[in-house]
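Numbering of residues begins at 1 and proceeds along the displayed sequence.
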Amino acid sequence: MDGAHDQRPPGLASGGPSAPGLSEPIGPAPPRLLDLVTRRIRERRLSLRTEEAYRMWARRYVLFHGKRHPSELGLGELNAFLSHLAVEERVSPSTQNQALSALLFLYRDVLQLPLAQPRDYLRALRPRRLPVVLSRTEVRQLLAQLEGTDRLLCTLLYGAGLRLIEGLRLRIHDVDFERREITVRAGKGDKDRRTILPTSSIDGLRQHLETVRGVWQGDRQAHLAGVWMPAALDRKFPGAGSEWHWQWIFPTARPQRDPRSGVMRRHHLPDRVLQRAVRQAAGKAGIAKAATCHTLRHSFATHLLEAGYDIRTVQELLGHRDVRTTMIYTHVLNRGGLCVQSPADFG
């Protein structure tokens, strides 16, 4: 990547002739491209996942074009890279569009070099797929193959309609046992919402929190740094990250180094742990569907609609901005979205 950041005049480039009196560097070196990407992302308060993905795509783009700086490249080179991803690497449409979003951010927000009109970009068309949905029996069979924390977390994903990352990021104060509510904070689109706390999970969740409390007390005795706090609350309320109500409900077994601050602290479980557990459980249960953690959320919505709940209510529980997103579940109900009976079943 070094070649992509060498912005010295030709006469001062490595191996070129030096002008008299200019053999020493003039001022500080320009910031590296990936450091600029990181800075802009953090200024925009984007997530760590977005930061990692955008840095990766910026690096791959530069390497694909022989380490040329992006400011030397244009719309043609951008579309050539996207075409390579689609044709040679055969990535999914969502991956291709993620790469496009990362590179548009690079040009627009980092380099401040807008390229063209949106219609000129090689954007992949995302096919409209029906979600995979488990029956109620299949959900029970899947949960029966899980144990401990994995089973509790999957029960919440299904019983509250949570996305996986929303379940992993739950904190102690997000669960209200009295009102039977879960508050999802900074969900997709950075929106908060409330959803239901399944009664069947309450006893198990209370027992789990007793274990988590022991872990928290051990961290305090070890003087471990508090958990990560959103929106610089650790500066506004020093020490709040060490308070009980801010702790993760599903913490890791061991502290880890914060990838941004370098501080050793306890994080929430990584998503890959539960994803692997669900795949294995589905195989053991003999479920002949591509069941994932997100399948439990799809099943939550479908089963509520099957039970006769209003689609607007389901929309609010899922946190969908547009009811048309929720309406996809009307197409996977047992008897169809309009409760249509097949003519083959007519008497």
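- Within 6.0 Å of the CZ atom in Arg260, the count of heavy atoms belonging to other residues, nucleotides or ligands exceeds 12.
- A donor-acceptor distance shorter than 3.5 angstrom exists from the side chain of Thr155 to the backbone of Arg151, with no hydrogens or angles considered.
- Phe81 and Trp57 have perpendicular rings, their planes meeting at more than 60° on a 0 to 90° scale where under 30° would count as parallel.
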Criterion side chain to side chain contact (heavy atoms under 4.5 Å, CB included) on Thr313 and Leu304, from CA distance to verdict: CA-CA 9 Å; Thr313 300; Leu304 284 181; over 6 Å; no
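- Side-chain contact between Phe300 and Leu317: present, with at least one pair of heavy atoms (C-beta onward) separated by less than 4.5 Å.
- Between the side chain of Ser261 and the main chain of Asp258, no donor-acceptor pair closer than 3.5 Å is present.
- Ion pairing between a basic and an acidic side chain is recognised when a charged N comes within 4.0 Å of a carboxylate O; Asp322 and Arg324 show such pairing.
- Side chain of Glu51 to backbone of Thr38: no donor-acceptor contact under 3.5 angstrom is found.
- Taking 4.5 Å as the limit, some side-chain heavy atom of Val62 sits within range of a side-chain heavy atom of Pro70.
- For the side chain to side chain contact (heavy atoms under 4.5 Å, CB included) with Leu152, the lone residue among Leu146, Leu205, Leu143 that qualifies is Leu205.
- Atom CG of Leu36 is separated from atom CG of Asp109 by 12.0 Å, given to the nearest 0.5 angstrom.
- Residues His294 and Thr292 bring no donor and acceptor atom of their side chains to less than 3.5 Å of each other.
- Under a cut-off of 6.0 angstrom, the local environment of NZ in Lys284 is sparse, with at most 12 non-hydrogen atoms contributed by other residues, nucleotides or ligands.
- Atom-to-atom distance recorded for Arg193:CZ and Leu162:CG is 6.5 Å, nearest 0.5 angstrom.
- For Arg179, the CZ atom counts as loosely surrounded, since its 6.0 Å shell holds 12 or fewer non-hydrogen atoms of other residues, nucleotides or ligands.
- Here the closest heavy-atom approach between residue Arg185 and residue Asp192 is recorded as CA-OD1, 3.2 Å.
- Of all non-hydrogen atoms in Ala291 and Ala282, the two that sit nearest each other are CB-CB, 4.0 Å.
- Taking 4.5 Å as the limit, every side-chain heavy atom of Asp176 sits out of range of all side-chain heavy atoms of Thr183.
- Below 30°, between 30° and 60°, or above 60°: for His84 and Phe64 the angle between ring planes is between 30° and 60°, a tilted geometry.
- Of all the heavy atoms in Ala281 and Leu142, the pair that sits closest is CB-CD1, 3.6 Å.
- His65 places no side-chain N or O within 3.5 Å of a backbone atom of Leu73 that could act as its donor or acceptor partner.
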Side chain to side chain contact (heavy atoms under 4.5 Å, CB included) assessment of Leu106 paired with Tyr54: CA-CA 8 Å; Leu106 173 66; Tyr54 280 20; over 6 Å; no
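- Smallest separation of non-hydrogen atoms from Arg266 and Ala253: NH1-O, 3.0 Å.
- A distance of 6.5 Å separates OG in Ser101 from CG in Asn97, rounded to the nearest 0.5 Å.
- In the hydrophobic clustering of ILVMFWY residues, with side-chain heavy atoms under 4.5 Å counting as a link, Val323 and Leu318 come out together.
- Between the side chain of Arg108 and the backbone N or O of Pro114, no donor-acceptor pair lies under 3.5 Å.
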Passes side chain to side chain contact (heavy atoms under 4.5 Å, CB included), Met56 versus Glu52? Steps please. CA-CA 6 Å; Met56 181 270 292; Glu52 293 172 345; over 6 Å; no
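- Distance CZ/Arg257 to NE2/His267: 9.5 Å, rounded to 0.5 Å.
- Residues Arg213 and Gln217 are in side-chain contact: their nearest non-hydrogen atoms beyond the backbone lie under 4.5 Å apart.
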Quick one: do Gln98 and Leu85 satisfy side chain to side chain contact (heavy atoms under 4.5 Å, CB included)? Show the steps, please. CA-CA 11 Å; Gln98 183 194 65; Leu85 293 178; over 6 Å; no
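- Shortest non-hydrogen contact noted between Ala225 and Met264 is CB-O, 3.5 Å.
- Residues Ser94 and Ser92 bring a donor and an acceptor atom of their side chains to less than 3.5 Å of each other.
- Judged by distance alone, the side chain of Glu77 and the main-chain N or O of Gly74 form a donor-acceptor pair under 3.5 Å.
- Between Leu269 and Leu274 the shortest side-chain heavy-atom distance does not fall below 4.5 Å.
- The backbone N or O of Gly161 lies less than 3.5 Å from a partner atom in the side chain of Arg297, making a donor-acceptor pair.
- A donor-acceptor pair under 3.5 Å is absent between the side-chain atoms of Tyr61 and the main chain of Ala99, judged by distance alone.
- A salt bridge links Arg40 with Glu43: the closest approach of a Lys/Arg side-chain nitrogen to an acidic carboxylate oxygen falls below 4.0 angstrom.
- Looking only at side-chain heavy atoms (C-beta outward), Val314 and Tyr329 stay at 4.5 Å or farther from each other.
- Under the ring pair (Phe, Tyr, Trp, His ring centres under 6.0 Å) criterion, Trp248 pairs with His268, not counting sequence neighbours.
- Residues Ser299 and Thr302 have side chains that never bring a donor and an acceptor to within less than 3.5 angstrom of each other.
- Counted within 6.0 Å of CZ on Arg171, heavy atoms from surrounding residues, nucleotides or ligands total more than 12; the atom is thus considered enclosed.
- In this structure, Val110 is a member of the same hydrophobic cluster as Leu75, with clusters built from ILVMFWY side-chain heavy atoms closer than 4.5 Å.
- The aromatic rings of His173 and His245 lie tilted to each other, with the angle between the two planes from 30° to 60°.
- Looking only at distances, no side-chain donor or acceptor of His303 sits under 3.5 Å from a matching main-chain atom of Tyr158.
- Contact record, Phe250 with His208: CD2-NE2, 3.6 Å, taken as the closest heavy-atom pair.
- The distance from the CG atom of Leu197 to the CG atom of Leu156 is 7.0 Å, given to the nearest 0.5 Å.
- By the rule that hydrophobic residues join a cluster once side-chain heavy atoms approach within less than 4.5 Å of another member, Val273 and Val227 end up as members of separate clusters.
- Heavy atoms from other residues, nucleotides or ligands lying under 6.0 Å from NZ of Lys188 number 12 at most.
- Distance alone, capped at 3.5 Å, is enough to place a donor-acceptor pair between the Arg55 side chain and the Leu34 backbone.
- Annotation for Arg42: atom CZ counts as buried by contact number, over 12 foreign heavy atoms lying within 6.0 Å.
- Annotation: side chain of Leu209 is in contact with side chain of Ile249 (closest heavy-atom distance under 4.5 Å).
- When the shell of 6.0 Å around CZ of Phe177 is examined, it contains more than 12 heavy atoms from other residues, nucleotides or ligands.
- Separating the SG atom in Cys293 from the CD1 atom in Ile165 is a distance of 11.0 Å, to the nearest 0.5 Å.
- The number of heavy atoms from other shown groups lying within 6.0 Å of CD (Glu147) does not exceed 12.
- Val278 is not listed as a side-chain neighbour of Asp150, based on a closest heavy-atom distance of 4.5 Å or more.
- No single ILVMFWY cluster, assembled from side-chain heavy atoms under 4.5 Å apart, contains both Leu224 and Trp228.
- Following chains of ILVMFWY side-chain contacts shorter than 4.5 Å, one cannot reach Trp246 starting from Val263, and the two form parts of different hydrophobic clusters.
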